[in-house]
Amino acid sequence: MMFRIWGKIFKDNRMVRDMVYENNDSSLNRTRKVFDAVHEFSLAFDLAEPIWLDKNISEFKRLDKTRFYQDNFMEGIAFDFLEIHVIEE
């Protein structure tokens, strides 16, 4: 089963970078695949991994997407937010 998640960086209401992460490993659960995707986005976009706050967890459970703002990062970011969105499951 294909699992795909889209990572997008926005600045000034415009998408400036994006990437799609795919994982076909059926031995991994959904949570592991999401965390792996966030890790891969962090590497590709040269970011520290964001911290999941309660609002991110509840939003992701409801909508299959969430946004990480400055509050989610330990260091400063040069963009407005990172959005992740499950596009295929």
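Treat the numbers as computed from the prediction; the structure is a model and nothing was measured.
Considering only heavy atoms from C-beta on, R32 stays 4.5 Å or farther from N23 through its side chain. Within the 4.5 Å cutoff, side-chain heavy atoms of E89 are placed close to those of D64. The shortest side-chain heavy-atom distance between M2 and E22 falls under the 4.5 Å cut-off. Side-chain contact between I9 and L47 is present, with heavy atoms from C-beta onward closer than 4.5 Å. Taking the side chain as every heavy atom from C-beta outward, E83 and M15 never approach each other to under 4.5 Å.
Across every non-hydrogen atom of A37 and Y21, the tightest pair is CB-CD2, 3.3 Å. Annotation for A44 and M19: closest pair CB-SD, 3.4 Å, computed over non-hydrogen atoms. Counting all heavy atoms, side chain and backbone alike, Q70 lies closest to G76 at OE1-CA, 3.5 Å. Closest heavy-atom contact between D80 and N13: OD2-N, 4.1 Å. When all heavy atoms are compared, the tightest approach of P50 to S42 is CD-OG, 3.7 Å.
In the displayed structure, N24 atom CG is contacted under 6.0 Å by more than 12 heavy atoms of other residues, nucleotides or ligands.
For the side chain to side chain contact (heavy atoms under 4.5 Å, CB included) test with K8, the passing option among D18, I84, V16 is D18; the others fail. Of the candidates W52, F41, F81, F60, F68 forms a ring pair (Phe, Tyr, Trp, His ring centres under 6.0 Å) with just one, namely W52. When the options H85, E88, K33 are evaluated for a side chain to side chain contact (heavy atoms under 4.5 Å, CB included) with R4, the one that passes is E88.
A distance of 14.0 Å separates CZ of R17 from NZ of K11, quoted to the nearest 0.5 Å. Distance check, rounded to the nearest 0.5 Å: OH of Y69 to CZ of F10 gives 10.0 Å.
Under a 4.5 Å side-chain heavy-atom criterion applied to ILVMFWY residues, the cluster that includes L53 comprises I51, M74 as well.
Judged by distance alone, with hydrogens and angles left aside, the side-chain atoms of R30 form no donor-acceptor pair with the main-chain N or O of F3 at under 3.5 Å. Between the N29 side chain and the T31 main chain, a donor and an acceptor come within less than 3.5 Å of each other.
Side-chain heavy atoms closer than 4.5 Å link hydrophobic residues (I, L, V, M, F, W, Y) into clusters, and following such links, possibly through other members, connects V38 to I57.
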